[in-house]
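Below is one structure, written out as structure tokens, with a few remarks after it.
Every chain is numbered from 1, with letters handed out A, B, ... down the list of sequences.
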Amino acid sequence: MKEERKAGLPELPLAKGEKVVMRFAPNPNGAATLGSARGIIVNSEYARMYGGKFILRFDDTDPVLKRPMLEAYDWYLEDCTWLDAEPDEVVVASERMDLYYEYAEALIKRGAAYVCFCPADVFKTYKEQKIPCPHRTVGDVENIESWKKMLKGVYEEKEAVLRIKTDMASEDPALRDWVAFRILKREHPRVGKKYVAWPTLDFESAIEDHLLGITHIIRGKDLLKSEKRQRFLYDHLGWKYPITMLWGKIKMQEFGKFSTSELRKRIERGEYEGWDDPRLPTLKALRRRGFLPEAIRKFFISIGVTQTDIAVSMKNLYAENRKAVDALASRYFFVRNPKELKLKDGQSFVAKALKHPSRKESRVIRTSNTVYISGDDFAKLNAGQRIRLKFLCDVDIESIEPLVAKIVETPAKDVPIIQWAPSEGIKVVVKKPEGIDKGIGEPLIASELGNVVQFERYGFVRIDSVVEKEVVAYFTQ
RNA sequence: GCUCCGGUAGUGUAGCUCGGCCAAUCAUUUCGGCCUUUCGAGCCGAGGACUCGGGUUCAAAUCCCGACCGGAGCACCA
């Protein structure tokens, strides 16, 4: 029987009466990106669909290679809230280290884990030959002793690791006695030098997923092996593994490949203004550019959870955003690369314009007989041509250099309509992903601080700052 | 090399579990038209796909086999 297709995410496999608990578990080593948004939105949406719980967990257990950023913890929370996905619970792994140590010890006592002193390359050869290393068979008393020393910092980095016993003869080499803890003697931005033995992601998330009662995990398909590794751990402890779904990589065509670490480097080098630079695919940047969270939600829900790697165009997000923003955005005139146009007749004018085509509200634009038109329109202009200055009047272009026009009293049909800026216009700078546009806009723009407006025949922008009658706007689309 | 996933229009996506109502959904893109004192807006319309080969079957996008293509893992990263 085919069912009616529901809008939104596909149903989750669910045990009867089960309460859904979802999690999004980033490493806060930078600001959340569109990729993070997918995780936040889909997980929170599932929690919402089933009246369940959504947990934000920071998997911040690598103070070296994927070093967390102190500010990023709050950023993630802000971004979640902005995306209407406020977590029901927030967990920080680096603050729960003692918990992981307890389980590690329990595992050692059960003979399910052992401290291994093989150098990485030596263990690799054991692994390749499917034979256990000498440390695997050490008794638990000795193991516990070594483990305690590991925790105290007796050993140096790379000298010892804690391994989970799996199956050294496993077909898949990735599954053979994986590392649960390694020594990293580097200060952690959050807990300082308190710990030297850090759990790997596989260990930490395995323990946490169980403790937090996670029912469904959605993870990148590159983490497929994680589940297989973690299952050994769950078996050792007699736990039930959550249902796992995998998804492929998502890439925005317009942004190409980027990693958080790479982004961070470039920002620190000054290649970008910051994490909210309009050229970046971070949520901070999109927020600054005036994207609406509901548009981003719809966008990612429509993409859903599939295992293929996908390259999606921002156009899809733009379309979604346009639908949401069009009704809200007031209209204003802005001309890029302005050109002065002299009106031969009259001294001053008052134009009454519509703030929004489907609302009655109006705005008033006053100007002398000098107005500005955009350089783009100017380039297409010919002498003798008739154009309409929207909401002002129709004019015949008399000469191009200097640019002079004569007012026509009888409005005609099919006249090209262009926007213009008044003599008292204010300076406007628009920051776009592709660069910066400078021009002049009508003075009322200054009253829209923080709002998304439409610059007619140009696009949507968010008014980011107004300083001394100079406006900076961020280009939405 | 070994292990494992996946392949539906330009881009995403639904359908595949339980074969028929699928000459295949929806969105976006593209193209055309309309509306207009904005547009990259809106409205209307059109185009466009089941990777290939074989098999099973009355019937295959859906099941099976093979090929091809793409991706991932094999870390003391997440």
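A:Asp209 and A:Arg23 are joined by a salt bridge, as a carboxylate oxygen and a charged side-chain nitrogen come within less than 4.0 angstrom of each other. Under 4.0 Å is where a charged nitrogen must lie from a carboxylate oxygen, and between A:Asp60 and A:Arg190 no such pair does. Salt bridge annotation for A:Asp326-A:Arg331: present, with a cationic side-chain nitrogen under 4.0 angstrom from a carboxylate oxygen.
Across all strands shown, B:C69 forms a Watson-Crick or G-U wobble pair, both distances under 3.5 Å, with B:G6. Pairing partner, B:A14: none, since no Watson-Crick or wobble contact has both distances short of 3.5 Å. When both distances must be under 3.5 Å, the Watson-Crick or G-U wobble mate of B:U37 does not exist. Nucleotide B:A75 has no partner under the Watson-Crick or G-U criteria, as no pair reaches both atom distances under 3.5 Å. Look at B:U25: it lacks any Watson-Crick or wobble partner with both distances under 3.5 angstrom. Base pairing of B:U30: its partner is B:A46, meeting the Watson-Crick or G-U wobble criterion (both donor-acceptor distances under 3.5 Å). Of the nucleotides present, B:G55 is the one that pairs with B:C63 by Watson-Crick or G-U wobble criteria, both distances under 3.5 Å.
Nucleotides B:C65 and B:U17 have their P atoms positioned 15 Å apart, rounded to a whole Å. Spacing of C1' atoms, B:C21 relative to B:C5, comes out at 33 Å, to the nearest Å. A gap of 24 Å separates the C1' atoms of B:A23 and B:G32, to the nearest Å. Comparing the same atom, C1', in B:G19 and in B:G73 gives a spacing of 35 Å after rounding to whole Å. Using atom P as the reference point in both B:U38 and B:C52, the two lie 47 Å apart (nearest Å). Spacing of C1' atoms, B:G7 relative to B:C16, comes out at 13 Å, to the nearest Å. Rounded to the nearest Å, the gap between the C1' atom of B:G47 and that of B:U30 is 8 Å. Taking the C1' atom of each, B:G1 and B:U57 are spaced 40 Å apart, rounded to whole Å.
Inter-residue side-chain proximity for A:Met97 and A:Val191 is flagged as unmet; no heavy-atom pair is nearer than 4.5 Å.
Side chain to side chain, A:Glu227 and A:Thr244 meet the donor-acceptor criterion of an N or O pair below 3.5 Å. In this structure, a donor-acceptor pair under 3.5 Å is present between the side chains of A:Asp437 and A:Tyr458. Between the side chains of A:Tyr332 and A:Glu448, a donor-acceptor pair is found at a separation under 3.5 Å.
A:Ala353 comes within 4.0 angstrom of no nucleic acid atom, judged by non-hydrogen atoms across all strands. Residue contacts for A:Pro357: at a heavy-atom cut-off of 4.0 Å it reaches a base atom on one of the strands shown. Looking at heavy-atom distances under 4.0 Å, A:Tyr458 makes contact with a base. As judged by a 4.0 angstrom heavy-atom cut-off over every strand, A:Pro63 is placed among residues making no nucleic acid contact. The residue A:Asp62 sits close only to the backbone: its heavy atoms come under 4.0 Å of sugar-phosphate atoms, none of a base. In this structure, A:Lys323 reaches the sugar-phosphate backbone alone: every heavy-atom distance under 4.0 Å involves primed, P, OP1 or OP2 atoms, never a base. A:Val179 comes within contact range of the sugar-phosphate backbone alone, with a heavy-atom separation under 4.0 Å but no base atom that close. Residue A:Thr306 is in sugar-phosphate contact alone, with no base atom involved, counting any heavy-atom pair closer than 4.0 Å across all strands shown. Counting non-hydrogen atoms under 4.0 angstrom, A:Leu354 reaches nothing in the nucleic acid.
Looking at which nucleotide of RNA chain B each of A:Cys393 and A:Ala319 is closest to, the 5′-most match is held by A:Ala319. Residue A:Pro10 is the one, among A:Pro10 and A:Thr61, whose nearest nucleotide of RNA chain B lies closer to the 5' end (criterion: closest heavy atom).
Summarising the geometry, the separation between CD on A:Glu456 and P on B:A41 is reported as 14 Å, rounded to the nearest angstrom. Between the P atom of B:A75 and the CD1 atom of A:Ile183 lies a distance of 20 Å, rounded to the nearest Å. The distance between atom CD of A:Gln419 and atom C1' of B:C39, rounded to the nearest whole Å, is 9 Å. For A:Leu201 and B:A78, the CG to P distance is 6 Å, given to the nearest whole Å. The interatomic distance linking A:Lys390 (NZ) with B:A41 (P) rounds to 14 Å, in whole Å. Rounded to whole Å, the distance from NZ on A:Lys355 to P on B:C39 is 21 Å. Distance CZ (A:Arg336) to C1' (B:G40): 13 Å, rounded to an integer number of Å. We find that NZ of A:Lys249 is positioned 13 Å from C1' of B:A78, with the value rounded to whole Å.
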| query | Which letters describe nucleotides 3-8 of chain B, given B = protein heavy atom under 4.0 Å from base, S = only from sugar-phosphate, - = neither? | reply | BSSSS-
| said: As a quick check of understanding, evaluate salt bridge (charged side-chain N to carboxylate O under 4.0 Å, His left out) for A:Asp202 and A:Lys225, giving each step before the final call. | reply: CA-CA 9 Å; A:Asp202 279 333; A:Lys225 289 286 157 42; over 6 Å; no
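Contact annotation: A:Arg182 side-chain N/O to B:A78 OP1/OP2 distance is under 4.0 Å. The side chain of A:Lys315 places no N or O atom within less than 4.0 Å of a non-bridging phosphate oxygen (OP1 or OP2) of B:G10. An OP1 or OP2 oxygen of B:G12 is reached within less than 4.0 angstrom by no side-chain nitrogen or oxygen of A:Ser313. For the OP1/OP2 pair of B:U29 and a distance below 4.0 Å, the side-chain nitrogens and oxygens of A:Arg322 include at least one atom meeting the criterion.
Sorted by first and then second residue, the pairs that involve residues 143-153 of chain A and meet salt bridge (charged side-chain N to carboxylate O under 4.0 Å, His left out), not counting sequence neighbours, are A:Glu105-A:Lys148.
Figure legend: cation-pi geometry between A:Arg336 and A:Phe455 absent, as NZ or CZ is not positioned both under 6.0 Å from the six-membered ring centre and within 45° of its axis.
For A:Ile310, the listed nucleotide lying nearest its side chain is B:U13; candidates were B:U13, B:A75, B:A78. Relative to the side chain of A:Leu65, the nucleotides B:C74, B:C77, B:C76 differ in distance, and B:C77 lies closest.
Nearest heavy-atom pair, A:His216 versus A:Pro242, reported as atom, atom and distance to 0.1 Å: N-CB, 4.3 Å.
For B:U38, its base sits under 3.5 Å from the side chain of A:Gln454 at one donor and acceptor pair at least. Side-chain atoms of A:Glu157 stay outside donor-acceptor range of the base of B:C76, with no qualifying N/O pair under 3.5 Å.
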